Amino acid sequence: MTMKKRNLLLSIIAVIVLFGVANFVQLEMDAYIRRIVNLCMIYAIIGLSMNITNGFVGQFALGQAGFMAVGAYVVGIFTVPVAMRPGVFYATPMNPAIINIYMPLGVALIVGGLLAALIAFVIGTPVLRLRGDYLAIATLGFSEIIRIVITNASSITNGALGIKNIPPLNDVRIIFLATLITFILITLLINSSYGRAFKAIREDEIAAEAMGIDLFYHKNLAFMISAFFAGIGGGLYGALLGTVDPKNFLFTLTYNFLLIIVLGGMGSITGSMLGAVIVTAGLEYLRVFDEPLELFGMAIPLFRPGFRMVMFSVLLMFCVLFWRKGIMGTEEFTWDKFVNFCKHPLAYFTKKGAHAE
Amino acid sequence: MEFFQAFANMTAASFAQHMANGISLGSLYAMIAIGYTMVYGILLMINFAHGDIVMMACYFAFFGITVFHIPWFMTFIGTIIATALLGVVIERAAYRPLRDAPKNSVLISAIGASFLLENLANYLFSGRPMRFPDIPLLSQNIAVGGGVQIQAICFVIPVITIISLVVLLHIVNHTKTGMAMRAVSKDYEIARVMGINIDNVISITFAIGSAMAAIGAIMWGIRYPGITPMLGVMPGLKCFVAAVVGGIGNIKGAVLGGFILGLGEILIVAFFPQLSGYRDAFAFIVLILILYYKPTGLLGETTTEKV
């Protein structure tokens, strides 16, 4: 059995095992756990999408919340059953052009992703000429503009009231499949010639251009793909919550994904997956910090609402100051490494120690 | 068509009102933009936390007057000093350890610092909006005829801004510290070789930028009294845009950019009331336009990129 076949077999086994876990969570666990697992996977999709531009192409874009909003609103607008729409749009009647258009969730997700990609194309043309800091501010600004437009376009988006009664998506298995497809597609993309071009741009733009890589084309492509998956993730997020509201998509939401990719490693797909699980589950379990805590009959004054987010921002600062590579750096988890590690667990540590010398 | 309608309906008095609003908002933007442009000129990084330094300054002044009952002018001086210190502390803790790190890491650290300040303010002062105390002398309305009243602070803000600008330009152009700052922003490495203590110069830059932000923040609080932990976010982003419009690294440019954005924002809403929901989008559209057509800003110098 060749290495390649062995690795494929291991991957298939891992997917089956994980699907089994998803199935178990769906059938046996309570709603709270299901929700956290769903959120982990959705955040993984969006973290991966952000890693394409920020980790692989090295363009620091902060527009993820805006693209998520586009996806979530497409799902919100088109999956609410037609009969329930007058109840949702009670303040401003819905625009007659779209009031009778209904889409099933799958179609709405794809449409949302494509619309996000289209917006990314329109935004990207002027914005991707900028670099570094300017790009960060401009994409952040556009993410806010998307939110402002959504807040003001009441006859389509119901404005600041948000859209309620979205048929909830509460199946861990479906979200697992969506995450798996995203993971596979992005892995294929990064291992293709496009992926190599992306990494070349990250390492040195001028050298990459001299080697014949069309900078603008590749940056724009990466930005669009990133927006597409952010739109899909946003759509799933909207369907998971069952309501969408412009306030859900403040640009601070993007910081969650920033922490995910910084913690997991900028430029590592498996790192983003790990980061998403750690950050999402961590944020959920850090809720303890928001509750008043009593130890030995004494109330600890530190613990009150808001402390969780302070810890969260300290964690982000800590990562970037002292642990810049994150968990994976730009490395990936591979079966070869895993098998080697299983064969010689001790050699792994000694070799690493020697390397550090 | 609607533009002319709105223009025709506008009396001289209400035009004066809009101009007063626009000039005072522009001056406030200018004060905050100076901090961005100085830091960018020297470290080539956006101090994302600058807007949140403004927010903290508002809270310092609020607590000084409302909670500790310190006379307002003493509070204002204390606020300026405390904010300058805060700026220096942020630089030491979040930016200095990353001096030789890739630029994206510094950017993430800056975002982290900004997010930390917001969450800290939310935790310490609660997310409820608080009312900035009234300073009777400055908060009163002055009748200017035609039934229009303009707040006294609107006249004070541009004056203070111009005085601060003159003092700052004197420091930068005619003192030894200022010379060191200009040297560091021209060439970091050479300045170090010539015996300039880079770390001190950077600390002083942050102190001055934050002090300017504090002056702006106090006036901001008197003009727009609702203060919340997220207060600094939008002004922060817009003032960065103002600094870019004027030419980043250029102090006069930052002031010019601040006035363009402040006046533009107010006048657009005055002439096109139906666009008032899109007020915050104006700055970002200006940013895209300026970076597209004149990336160095209105008063900036052109530089070529080196390999």
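Here the structure is a predicted model, which is why all the values come from computation and not from measurement. Per chain, numbering begins at 1; letters A, B, ... match sequence-line order.
- Around atom NZ of B:Lys294, more than 12 heavy atoms belonging to other residues, nucleotides or ligands sit under 6.0 Å away.
- In this structure, chain B has no heavy atom under 4.5 Å from any part of A:Leu315.
- Heavy-atom pairs under 4.5 Å with chain A were tallied for B:Pro97, B:Ala283, B:Ser105; the largest tally goes to B:Ser105.
- Inter-residue side-chain proximity for B:Met45 and B:Lys103 is flagged as unmet; no heavy-atom pair is nearer than 4.5 Å.
- Contacts between B:Leu287 and chain A at a heavy-atom distance below 4.5 Å involve the side chain alone, from C-beta outward.
- Although no hydrogens or angles enter the test, the distance criterion places no donor-acceptor pair under 3.5 Å between the side chain of A:Arg147 and the main chain of A:Gly66.
- Salt bridge annotation for A:Glu284-A:Arg308: absent, with no cationic side-chain nitrogen under 4.0 angstrom from a carboxylate oxygen.
- When heavy atoms are compared at a cutoff of 4.5 Å, A:Phe318 does not approach chain B at all.
- Using a 4.5 Å cut-off between heavy atoms, A:Leu62 contacts chain B through its side chain alone, with no backbone atom that close.
- Using a 4.0 Å cut-off between charged nitrogen and carboxylate oxygen, B:Lys238 and B:Glu265 count as a salt-bridge pair.
- Of the listed residues (A:Met266, A:Glu144, A:Met317), the greatest number of heavy-atom pairs within a distance under 4.5 Å of chain B belongs to A:Met317.
- If you tally non-hydrogen atom pairs under 4.5 Å between each of B:Leu120, B:Asn122, B:Ile285, B:Leu98 and chain A, the highest count goes to B:Leu98.
- Only the side chain of B:Phe240 comes within less than 4.5 Å of a heavy atom in chain A; its backbone stays farther off.
- Proximity of the aromatic rings of B:Phe272 and B:Tyr278 is defined here by a centroid distance below 6.0 angstrom, and this criterion is not met.
- For B:Arg92 and B:Asp199, the salt-bridge test fails: no basic side-chain N is under 4.0 Å from an acidic carboxylate O.
- Ranking B:Val233, B:Leu44, B:Ile108 against chain A, the residue ahead of the rest is B:Ile108, based on heavy-atom pairs under 4.5 Å.
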